[in-house]
Asks: 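One structure, as structure tokens, below. Some questions next.
Every chain is numbered from 1, with letters handed out A, B, ... down the list of sequences. On a predicted model such as this, the values are computed, not experimentally measured, just so you know.
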Amino acid sequence: MVERYNAKHVEAKWQAEWDTQGVFRSQADETRPSYYVLEMFPYPSGRIHMGHVRVYTLGDLLARYRRARGFDVLHPMGWDAFGMPAENAAMEQGVHPAEWTWSNIATMRGQLQSMGLSYDWDREVATCSPDYYRHEQKMFLDMFAEDLAYRREAWVNWDPVDNTVLANEQVIDGRGWRSGALVERRLLPQWMFRITNFADDLLESLESLERWPDSVRVMQANWIGRSHGATIRFRLAGRDDRLEVFTTRPDTIFGASFCAVAANHPLASELAKSDPELTAFIAECNRTGTSEAALETAEKQGYATGLEAIHPFSDGVTLPIYVANFVLMEYGTGAIFGVPAHDQRDLDFARKYDLPVRIVVRPRDAGDDFSVADEAFTDDGLLVNSDFLNGLTVENAKKTVAERLDASGDGEAKTTYRLRDWIVSRQRYWGCPIPVIHCDDCGIVPVPDEDLPVTLPEDVSFDEPGNPLERHEAWKTVPCPACGKSATRDTDTFDTFVDSSWYFARFACPNADVPLEPDAMKRWLPVDQYVGGIEHAILHLLYSRFFMRALRQCGYVDFDEPFSGLLTQGMVCHETYQDGDGNWLFPEQIERRDDGTVRRLDDGSDVQIGRSEKMSKSRRNVVDPADMIDQYGADTARLFMLSDSPPERDLEWTEGGIEGAWRYVQRLWRMVCEPSIELPPAGQPIPSGIGGAALDLRKATHKTIAAVSDDIERFRFNRAVARIRELSNTIGDFAPGDAADASALREALESLVILIGPMMPHLAEELWRRLGFRDFLCNQPWPNADPSLITEDNVVIAVQVNGKKRATVEIAVDSDQAAVEATALAEPNVIASIAGKPVRKVIVVPNRIVNVVV
RNA sequence: GCCCGCUUGGUGGAAUUGGUAGACACACAGGACUUAAAAUCCUGAGGCCGCAAGGCCGUGCCGGUUCGAGUCCGGCAGCGGGUACCA
């Protein structure tokens, strides 16, 4: 009997062999087409988690599959190494962010390497390394020169006790997470990227991203949010200036019953100077965080300013102007007119402040008495009560209003976007320094090229809140590059999304002196297949798309779209456990007893099992992949990640599932190492004229090859695994007798080993060797199915009567329809179901189904 | 709040993209092997009725289109992701 499969030993052995031979180094071999597989690089948080195991398993499968398909594959790995958690660690544990980060990288690199991933580790990059971020600084300066980067004031969350800027994540129920103080909004000068310059292109090019999920494309389109409407410049009663308002519904202008401006609108600020009540109201509005969810879910409130806007088309009609917390300064002009009958939010506001609700659009089939109660009418219809618009459709009325506004000079048609320019500066230490110097005389002065990189100072402390760079006088104070006078460095650092907006391009030339080498860009970019979590559907992917356009404008690249193909994978979930006091428990703190109860291991008390959720530290429903790999080996972990759930869906981690995968690994091992008949030597051709059970096995083998290839191409890895298991079952049931059988069995086993290669590379490599081959399995070409072995002569089809299945019949493939119909109608159960009623119609779908309608 | 998903046996999922619902697994039950356990192998199984043949019901809920709906359309509910300073 063969020894049990020793995953630990075998995996270490092949990892060393692959490494020594450098098999996964990308060669830039011009004789083969290139293929770039990339998984989203990890934030080095400490240890790898199951989500990492999942995404890197998926990417590795694709990379190995493409290699086998003859491509020169680029498959790199690096670290998204800047970010807040390192600073939090510094504050909580007193460890320097750099030390914390680099030590995490070392740990996680080792853990990834234990998974046997086919990375070209020579290309590893870390964004916190000056070798990386110096190029980012150069790119930024070029973007600044192109006017793609600029500086202006923007709102941030301000903690008035800690005197520091807070991330949205650090605002909990409107309070700072450390100080507990009520958060305020505050204006600070910020660096911005002009992503809105590319709004139309970013929107329209989504169409070309055919290998992206539709959901992601729709999300991005909605995020950009292009809408066509009009601006109207209302005259103000008793004043000479005007109020500029944007609306997507100019057609409803005769239904307007109020105007509202944002709390931070200049008009509101001006009026507040002489109105203490308004000042208080604005302060109240500013006491929410800056997040959209916080603003949108806050109770809608308004303050009547007493000012009135004059209707552009109705003589003598004026609209009261409110300051309202739901009007966003960042969208449109920061001012709106409200039409309660045709906008739900305006209707709620009108009911609250007792404003008129005037119907100006009526459904086509409604009468004069049409009215709205609690629900605004927002669909298409015909204009009423609207002077020169009466009888027009919504679309025509929009056009007509725009024309009138244009003619009178009171406004014009206008396109706006929900998309806002990207604020890239952060008032934090652990990020890429923004390479500019502020001089009292010269203003903003870029750091000269020869002084790059601007590196982070190491001697900083985190014992008080705020940005250590701002307190670091020695680092901050520099002579102005232009005039030589004493000046100060910009103490802001970049949003980490900037780092991740171009890393994929740097992987093509990780050691180049220039940021991006043209030849390398030509060879490898764009990324052929990108794999990552759906949570990045908007920000990271949109920023990267913008960044490539900006880099193109600066002359770095000659493509726009960074990722041709995108696979978004779901999360890894696990059930949750709580003890009687509601404390969350780790899976290793509980036990399942034979009597069916679940108890705490330490004190035996009852444990409540909660529903399955995304693995998270806060819920403690985490399983450390390192433990799993240690116990079962990487291949078992990888197989489990691929087995049951399709990649886009969430995956439920279960102990049973991992054990099932482990048993299958052992079964494959026995199946190949202990065949039930002696196999012919490696490389011997299959004898011709094989029939009987051996032919059936060959057919099963070739069908599996075809199906698994197709499943992998379509990212249906769970199905590919099921097909492979089916072939194993077939092989297990096969009772070989003669040389032809042995030959068919050998072909089946070899195919099986090649097919599992991208999934369980160590096991496959070992089995390949045991089958008598001397070269690497990972260098073997992918097999092709023999077309003559994957067709069937007969097919079983269902026969329905009135849509209910009554029988199945076996017929020859592509049988004549009349013959199929006759066979179906002859079935006793079909005859019984028809029960003598006249047959009205018989529908025959070739090779599928027959439906008899009576 | 808004945008995008998801919802199928005890469980994860499959279903040739409108054509036989439940492939392949996990868990479970019974059996074989074993002194015993583990491992392995075999068998069973959506629910209800029936000895069986077979019948009825069944893909979150309500409605629609169709010869035929898990799949398409309208509405609703629950769960998840994103919401611009978490990454």
Side-chain angles (χ1 to χ4, degrees), chain A residues 4 40 42-43 45 80 82-85 156-157 165-171 190 195 213-223 225 289-298 300 326 330 344-345 418-428 495-497 500 533-540 542-543 568 570-571 573 611 613-614 643-646 648-652 654-661 663-664 666-667 670 707 716 718-719 721-726 729 732 796-800 802-808 829 832 840-843 845 847-853:
Chain A
R4 252 168 102 78
M40 290 177 185
Y43 178 77
S45 53
D80 187 13
F82 276 136
M84 258 190 348
V156 295
N157 298 310
V165 178
L166 296 176
N168 285 335
E169 189 189 52
Q170 298 171 318
V171 179
Q190 303 282 359
I195 189 170
D214 285 340
S215 58
V216 175
R217 293 196 274 174
V218 171
M219 277 191 264
Q220 291 215 353
N222 290 336
W223 184 263
T290 59
S291 79
E292 193 197 353
L295 293 171
E296 287 280 334
T297 52
K300 309 288 177 277
F326 58 85
E330 289 77 21
Q344 191 60 46
R345 193 182 55 192
R418 210 188 75 96
L419 182 69
R420 308 196 298 261
D421 274 343
W422 173 14
I423 303 174
V424 291
S425 43
R426 299 290 182 266
Q427 293 69 51
R428 278 192 252 288
D495 178 2
T496 57
F497 275 124
S500 56
I534 185 68
E535 67 272 19
H536 293 292
I538 297 175
L539 293 181
H540 163 58
L542 190 62
Y543 289 148
T568 51
M571 300 172 306
C573 301
R611 67 154 203 279
E613 296 182 52
K614 175 185 178 173
S643 289
D644 277 348
S645 298
E648 301 83 4
R649 279 228 226 160
D650 289 352
L651 180 146
E652 166 81 4
T654 62
E655 189 69 30
I658 191 77
E659 273 168 13
R663 279 202 294 273
Y664 183 60
Q666 293 292 348
R667 186 171 168 218
R670 287 191 307 271
R716 301 160 76 142
N718 54 324
R719 262 175 44 137
V721 171
R723 306 271 195 192
I724 287 170
R725 293 186 90 131
E726 277 179 281
N729 292 342
V796 175
I797 68 168
V799 183
Q800 297 180 333
N802 286 341
K804 282 185 188 287
K805 186 175 81 168
R806 295 301 174 193
T808 57
N829 211 34
R840 300 218 316 260
K841 188 153 71 160
V842 179
I843 291 153
V845 182
N847 302 326
R848 278 296 149 73
I849 203 162
V850 177
N851 191 11
V852 181
V853 186

Asks: List in chain and number order the residues that pass side chain to side chain donor-acceptor pair (under 3.5 Å) with A:Glu655, two or more places apart in sequence or in another chain; answer none if no residue qualifies.
Replies: A:Tyr632

Asks: Under 4.0 angstrom, heavy atoms only, what part of the nucleic acid is A:Asn829 near: base, sugar-phosphate, or nothing?
Replies: sugar-phosphate

Asks: Detail all sub-3.5 Å separations between protein N/O atoms and N/O atoms belonging to nucleotides 43-50 of chain B.
Replies:
none

Asks: Select base, sugar-phosphate, or nothing to describe what A:Ser645 touches, counting heavy atoms under 4.0 Å on all strands.
Replies: sugar-phosphate

Asks: Could you tell me the separation between the CG atom of A:Asn802 and the CZ atom of A:Arg840, rounded to the nearest 0.5 Å?
Replies: 7.5 Å

Asks: Once you apply the 3.5 Å cut-off to both distances, tell me the Watson-Crick or G-U wobble partner of B:A77, or none.
Replies: B:U7

Asks: Among B:U83, B:A21, B:A14, which nucleotide sits nearest the side chain of A:Gln800?
Replies: B:A21

Asks: List the atom of A:Ala537, the atom of A:Gln220, and the distance in Å for their closest heavy-atom pair.
Replies: O-NE2, 3.0 Å

Asks: Output the single nucleotide from B:A87, B:A15, B:C41 whose closest atom is nearest the side chain of A:Arg670.
Replies: B:C41

Asks: Remember a base hit wins even if backbone is also touched, and classify A:His540 as base, sugar-phosphate or nothing at under 4.0 Å, heavy atoms.
Replies: nothing

Asks: Over all strands shown, is A:Val852 touching base, sugar-phosphate only, or nothing at heavy-atom distances under 4.0 angstrom?
Replies: nothing

Asks: Quick one: on RNA chain B, does A:Arg426 or A:Arg806 contact a more 5' nucleotide (nearest heavy atom)?
Replies: A:Arg806

Asks: Compare side-chain N and O positions of A:Asn729 against OP1 and OP2 of B:A23 and report whether any pair is under 4.0 Å apart.
Replies: no

Asks: Across the strands shown, which category fits A:Ala537 at heavy-atom distances under 4.0 angstrom: base, sugar-phosphate, nothing?
Replies: nothing

Asks: Applying a 3.5 Å limit to both distances, which nucleotide forms a Watson-Crick or G-U wobble pair with B:A23?
Replies: none

Asks: Does a distance-only test, which skips hydrogens and angles, find a donor-acceptor pair under 3.5 Å between the side chain of A:Asn851 and the base of B:C67?
Replies: yes

Asks: So A:Arg725, base contact, sugar-phosphate only, or nothing? Heavy-atom distance under 4.0 Å.
Replies: sugar-phosphate

Asks: With a 4.0 Å cutoff (strictly under), does any side-chain N or O of A:Asn222 reach OP1 or OP2 of B:C4?
Replies: yes

Asks: Protein-nucleotides 28-31 of chain B N/O pairs closer than 3.5 Å?
Replies:
none

Asks: Assuming nearest nucleotide by heavy-atom distance, tell me which of A:Trp422 and A:Arg848 is located more 5' along RNA chain B.
Replies: A:Arg848

Asks: Report the distance from atom CD of A:Glu330 to atom CG of A:Asp421, rounding to the nearest 0.5 Å.
Replies: 11.5 Å

Asks: For A:Arg667, which contact category applies under a 4.0 Å heavy-atom criterion: base, sugar-phosphate, or nothing?
Replies: sugar-phosphate

Asks: What does A:Glu648 touch in the nucleic acid at a heavy-atom separation under 4.0 angstrom: a base, only the sugar-phosphate, or nothing?
Replies: nothing

Asks: Looking only at side-chain atoms of A:Lys805, point me to the closest of B:C85, B:A21, B:A84.
Replies: B:A21

Asks: In terms of side-chain heavy atoms of A:Ile534, which of B:G81, B:C85, B:A27 is nearest?
Replies: B:G81

Asks: Looking at B:C85, does its base get a donor-acceptor pair with the side chain of A:Gln170 below 3.5 Å?
Replies: no

Asks: By the 4.0 Å heavy-atom rule, please label A:Met571 as base, sugar-phosphate, or nothing.
Replies: sugar-phosphate

Asks: Name the closest nucleotide to the A:Lys841 side chain, picking from B:G13, B:C67, B:A27.
Replies: B:C67

Asks: Which part of the nucleic acid, if any, lies within contact of A:Arg649, taking any heavy atom under 4.0 Å across all strands shown: a base, the sugar-phosphate backbone alone, or nothing?
Replies: sugar-phosphate

Asks: Closer than 4.0 Å, any side-chain N/O of A:Arg4 to the OP1 or OP2 of B:U40?
Replies: no

Asks: Within the structure shown, what part of the strands sits under 4.0 Å from A:Val165 by heavy-atom distance: base, sugar-phosphate, or nothing?
Replies: base

Asks: So A:Asn802, base contact, sugar-phosphate only, or nothing? Heavy-atom distance under 4.0 Å.
Replies: nothing

Asks: Once you apply a heavy-atom cut-off of 4.0 Å, does A:Val799 come out as touching a base, just sugar-phosphate, or nothing?
Replies: nothing

Asks: Need one value for A:Val218: base, sugar-phosphate or nothing, where a base atom within 4.0 Å counts as base even if backbone is also close, heavy atoms only.
Replies: sugar-phosphate

